[in-house]
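What follows is one structure encoded as structure tokens, with my remarks underneath.
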Amino acid sequence: MSIIVQKYGGTSIGTIEKISLVADKVIAERNKGNEVVVVVSAMSGETNKLLDLAKCIDTDISGRELDVLVSTGEQITISLLTLSLIKKGHKAVSLTGSQAGIITDSSYNKARIKSINNSYIKKYLNDGNIVVVAGFQGVTVSGDITTLGRGGSDTSAVAISVALDAKECQIYTDVDGVYTTDPRISPDAKKIDNITTEEMLELSSQGSKVLQPRAVEFAGKYDVGIRVLSSFEEGSGTLIKKENDEEMEKAIISGIAFNKDEAQLTIRGVPDQPGIASLILGPIAEHNIDVDMIVQNVGEDGLANFTFTVPRNDFKTAMKSLEESSKKLKAKKVIGDNKIVKISMVGVGMRTHAGIASKMFAVLADNKINISMISTSEIKISVVTGEENLEIAVNVLHKAFELDKAH
Ligand code: ADP
Ligand code: ASP
Ligand code: MG
């Protein structure tokens, strides 16, 4: 018997009717003669609702107690799906992250899985059960509940696939695969049949929320294939796996991702001297804020301007910290903008094809889209622009790089 891990996201289990349809899909897989482990998210909107409740008490709430709260969303869906499977005549059991042996570090709200003791899941599988595990959550060695960051059920599913040496990790969602860009932004987006973990990691890290980046990272590290499929339609979805020269068709650009969750900060007129970057970014890091893009330039007056991006949630704290640094450094000005978007083009073909960046900038310029920051890596080019440009920028780039043509 092979083990198949299936993960169902929030919209796929958003109502009792949908949970019943998911139960039918799980049973169909079981009837093929496979052992099935199902990982579920909370019902769509539930995690946000729980976060909003916490905010009614304190807008800045985080840490241990928040995880005790938000992990409950998944506890509801594991029991409902299990009840539905039992009602349909199958042996099934629900397990919380802790009961499933998912051990994490103690970084509440964004914990990392350290290990999975697969003996609990295996015991129930050996007894003939379909095992339903709560995604997004784990437990520390000292028994405290943790959660894995938004979208974390994807990571739970991939990690469980690794721990059980599963044949396949199937991620069921509300789209029928990974597209060249978010189909909600571009009607021309095309489904991709195969994509490398390397490219998918870059796309999801740059904002394609179809998979949590850590899930892709895990899959790459342990060489597990992930298939993204629709919960509502039949189809072969998108297979994400390590690069295989013979099988994988190589596109120069695979997709366009965007991230609306960042904000941009600039400090102008700081003395251009050694150590200045660390004087500016040190206090930001002390607040545990991740800095993404950084640009520094020096004007004719010998003074430097320094611009960087941070998660939008951290904008206020970062601005406060930068204003304090500004006083100490006698800088001329601090400017913040939280209405920006980062747009990234990703493709392994960039390694071997020159001129992608210049074409990207020319296309944006032709459409009067101003760029405030640029960063590149081997297989990615990112630009920052005003949020109002998002749709037009993605669509003109999608067309210019012929992503709307058959893949
Ligand atoms: P789930 O609740 O099933 O985890 P998510 O909302 O997290 O679902 O992820 C699915 C969504 O990801 C889609 O509805 C789509 O809008 C969005 N998305 C963003 N980028 C892409 C992409 N490149 N391909 C497919 N979907 C994408
Ligand atoms: N329920 C969690 C969230 O909304 C985890 C997930 O859906 O993967 O982020
Ligand atoms: Mg998701």
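When a ligand or atom number is given, it counts from 1 through the structure's own listing order.
When Lys191, Arg184, Met200 are checked for heavy-atom proximity to atom 16 (O) of ligand 1, Arg184 turns out nearest.
Annotation for Ala163 and Asn118: closest pair O-ND2, 2.8 Å, computed over non-hydrogen atoms.
The shortest heavy-atom distance from Gly177 to ligand 1 is under 4.0 Å. In this structure, Gly152 counts as a contact residue of ligand 2, since one of its heavy atoms falls inside 4.0 Å of the ligand.
Ion pairing of Glu198 with Arg351 is present here, as a side-chain N (NZ or NE/NH1/NH2) and a carboxylate O approach within less than 4.0 Å. For Arg214 and Glu217, the salt-bridge test fails: no basic side-chain N is under 4.0 Å from an acidic carboxylate O.
In this structure, a donor-acceptor pair under 3.5 Å is present between the side chains of Ser119 and Asn117. Side chains of Thr104 and Thr146: a donor-acceptor N/O pair is present below 3.5 angstrom, by distance only.
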Residue pair Thr140, Ser142: steps toward the side chain to side chain donor-acceptor pair (under 3.5 Å) verdict: CA-CA 5 Å; Thr140 64; Ser142 38; 3.3 Å; yes
Verdict with reasoning, Leu364 to Ile371, per side-chain contact (heavy atoms from CB on, under 4.5 Å): CA-CA 8 Å; Leu364 293 174; Ile371 302 170; 3.9 Å; yes
Check against side chain to side chain donor-acceptor pair (under 3.5 Å), Arg150 and Asn48: CA-CA 10 Å; Arg150 300 307 305 268; Asn48 285 343; 2.9 Å; yes
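Against a heavy-atom cut-off of under 4.0 Å, Arg150 is close to the following atoms of ligand 2: 3 (C), 4 (O), 9 (O). Listed by atom number, the atoms of ligand 1 under 4.0 Å from Val178 heavy atoms are 24 (N). Close approach of ligand 1 to Asp174 (heavy-atom distance below 4.0 Å) involves ligand atoms 10 (C), 11 (C), 13 (C), 14 (O). Within ligand 1, counting atoms from 1 as listed, the ones closer than 4.0 Å to a heavy atom of Lys7 are 4 (O). Distances below 4.0 Å separate heavy atoms of Gly151 from the following atoms of ligand 2: 3 (C), 5 (C), 6 (C), 8 (O), 9 (O). Near Gly10, the atoms of ligand 1 lying under 4.0 angstrom from a non-hydrogen atom of the residue are 2 (O). Atoms of ligand 1 lying under 4.0 Å from any heavy atom of Tyr179, numbered from 1 in the order shown and given with element: 22 (C), 23 (N), 24 (N), 25 (C). In the vicinity of Thr173, heavy-atom distances shorter than 4.0 Å reach the ligand 1 atoms 1 (P), 3 (O), 8 (O), 9 (O), 10 (C). Within ligand 2, the atoms closer than 4.0 Å to a non-hydrogen atom of Glu74 are 1 (N), 2 (C), 5 (C), numbered from 1 in the order shown.
Proximity of Ile171 to ligand 1, defined as any heavy-atom pair under 4.0 Å, is not found for any part of the residue. Only the side chain of Val175 comes within 4.0 Å of ligand 1, judged by heavy-atom distances.
At a distance under 4.0 Å, a protein heavy atom can be found next to atom 26 (N) of ligand 1.
The shortest side-chain heavy-atom distance between Leu66 and Leu51 falls under the 4.5 Å cut-off. Looking at Asn313 and Asp261, their side chains never come closer than 4.5 Å, going by heavy atoms from C-beta outward. At a threshold of 4.5 Å between non-hydrogen side-chain atoms, the residues Phe258 and Thr181 count as touching. A 4.5 Å side-chain heavy-atom check between Leu211 and Ile240 finds at least one atom pair inside the cut-off.
Residue, atom and distance of the protein heavy atom nearest to atom 7 (O) of ligand 2 are Ser41 OG, 3.2 Å. Among all non-hydrogen protein atoms, the one lying nearest atom 5 (P) of ligand 1 is Lys209 O, 4.1 Å. Ser153 OG, 3.4 Å is the protein heavy atom nearest to atom 6 (C) of ligand 2.
Backbone and side-chain nitrogen or oxygen atoms of Asp182 are examined, and one is located within less than 3.5 angstrom of a nitrogen or oxygen of ligand 1.
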